[in-house]
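Since this is a predicted model, take the numbers as computed values, not measurements. Start at 1 and go down the list; that is how both ligands and their atoms are numbered.
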Amino acid sequence: MAQARIAVLASGRGTNLQALLDACADPGASAEVCVVLSNRATAGALDRARAAGVPAAAIPTTSDDGSALLVLLDRHAPDVIVLAGYLKLVPQSVVQRYPGRIMNIHPALLPGFGGRGMYGRHVHEAVLAAGVRVSGVTLHLIDEEYDRGWILAQWPVPVRPDDTAETLAQRVLEVEHQLLPRAVLAAAERFGRTGTIVPLSPAGEGFSVGGRPRIDLST
Ligand code: GRF
């Protein structure tokens with residue numbers, strides 16, 4: 001089966017990208033990372049891509065209508081686009097060109113604790129302020145709004161009484177590194193068969209508390 005081509009957009013250090021690159025390096029992986037793009041020329045994610053031999057580029061900032069991003073993406077003909085810590089809203093023109101094929105990882109259980117301004121430590125501070133006992137990781141398809149769209153996979157993470165934003169972020173990040181490659185590769189495998197990303201279960205979730213996981217997320 002042909003490998004699905006994955007483009008990754010990332011703004012920061014790129015540890016989730018690294019988890020995906022490592023998973024794709026496995027012989028028999030259902031996907032390959034074909035390009036990494038960033039809105040920040042100094043993003044660690046670009047260095048990680050280059051170290052793995054993957055084309056990497058900063059998106060020119062002169063255009064905010066998405067045309068520069070579209071040109072770069074189209075050049076690499078991705079089947080699937082993964083936002084791994086990408087802090088800019090994806091322009092409508094890009095969402096429309098790749099409908100139902102762009103997924104984002106978010107460090108909380110959406111639809112809670114998402115939306116404009118909900119990134120990085122802001123997410124974990126809001127979770128702690130709300131006093132909830134469970135946070136987690138969400139992988140979802142994107143649309144024109146921040147952190148909205150069809151949920152593909154979720155994995156819960158406990159919130160401990162003595163957690164700070166930093167300790168919670170670290171525990172969530174470790175789960176992100178597990179969930180992202182598994183869910184992306186599972187989706188990519190289905191994409192190879194169907195030509196479209198389909199939910200990992202009829203409920204639209206790869207994992208749900210009390211539900212039966214459709215892919216093995218247990219370690
Ligand atoms: C992750 O927490 C991800 O969920 C969020 O941005 C962060 C990126 O971290 N969207 P990294 O750059 O992959 O280390």
Side-chain angles (χ1 to χ4, degrees), residues 6-25 31 33 35-52 54 56-59 80-90 94-95 102-128 132 134-159 163-185 187 205-207 217:
I6 300 179
V8 177
L9 305 187
S11 301
R13 63 199 164 175
T15 64
N16 278 287
L17 165 68
Q18 190 66 53
L20 195 53
L21 288 169
D22 292 347
C24 288
V33 179
V35 66
V36 175
L37 302 173
S38 180
N39 58 310
R40 288 182 51 234
T42 56
L46 294 178
D47 297 330
R48 290 177 189 270
R50 292 182 185 116
V54 171
I59 303 155
V80 173
I81 299 168
V82 174
L83 310 185
Y86 188 61
L87 295 180
K88 304 245 316 175
L89 191 64
V90 176
V94 177
V95 177
I102 309 178
M103 47 177 97
N104 176 54
I105 186 154
H106 185 76
L109 294 178
L110 294 175
F113 308 106
R116 181 177 286 278
M118 277 294 186
Y119 62 90
R121 63 175 293 125
H122 302 297
V123 177
H124 305 295
E125 283 171 351
V127 167
L128 293 175
V132 296
V134 179
S135 188
V137 179
T138 301
L139 186 74
H140 65 103
L141 293 179
I142 71 154
D143 57 19
E144 289 88 351
E145 296 290 328
Y146 281 107
D147 300 327
R148 214 179 55 174
W150 199 336
I151 291 173
L152 292 166
Q154 289 188 305
W155 204 343
V157 174
V159 178
D163 262 336
T164 62
E166 287 73 24
T167 59
L168 180 57
Q170 183 56 34
R171 193 174 317 113
V172 169
L173 188 66
E174 287 168 18
V175 171
E176 291 183 51
H177 296 164
Q178 297 287 322
L179 178 69
L180 182 72
R182 290 180 198 208
V184 168
L185 289 178
E205 296 172 1
F207 180 90
L217 298 173

heavy-atom search around atom 10 (N) of ligand 1 in the protein gives Ile105 O, 3.0 Å
Interatomic distance, Leu109 atom CG to Ser135 atom OG [nearest 0.5 angstrom]
5.5 Å
Should Asn16 be counted as touching ligand 1, given the test is an N or O pair under 3.5 Å?
yes
In the structure I gave you, are the side-chain heavy atoms of Leu185 and Cys24 within less than 4.5 Å of one another anywhere?
yes
How far is atom 6 (O) of ligand 1 from the closest protein heavy atom, and which atom is that?
Gly85 CA, 3.3 Å
Side chains of His177 and Asn16, heavy atoms from C-beta outward: is any pair under 4.5 Å?
yes
Can you check whether Arg171 reaches Asp163 side chain to side chain, under 4.5 Å on heavy atoms?
yes
Under a 4.5 Å cut-off applied to non-hydrogen side-chain atoms, are Tyr86 and Asn39 in contact?
yes
Shortest protein heavy-atom distance from atom 12 (O) of ligand 1, along with the residue and atom involved
Gly14 N, 2.9 Å
To the nearest 0.1 Å, how far is atom 9 (O) of ligand 1 from its closest protein heavy atom, and which atom is that?
Arg13 NH2, 3.5 Å
When you measure from the heavy atoms of Ala10 to every atom of ligand 1, does any distance fall below 4.0 Å?
no
Nearest protein heavy-atom contact for atom 2 (O) of ligand 1: which residue, which atom, what distance?
Glu176 OE2, 2.9 Å
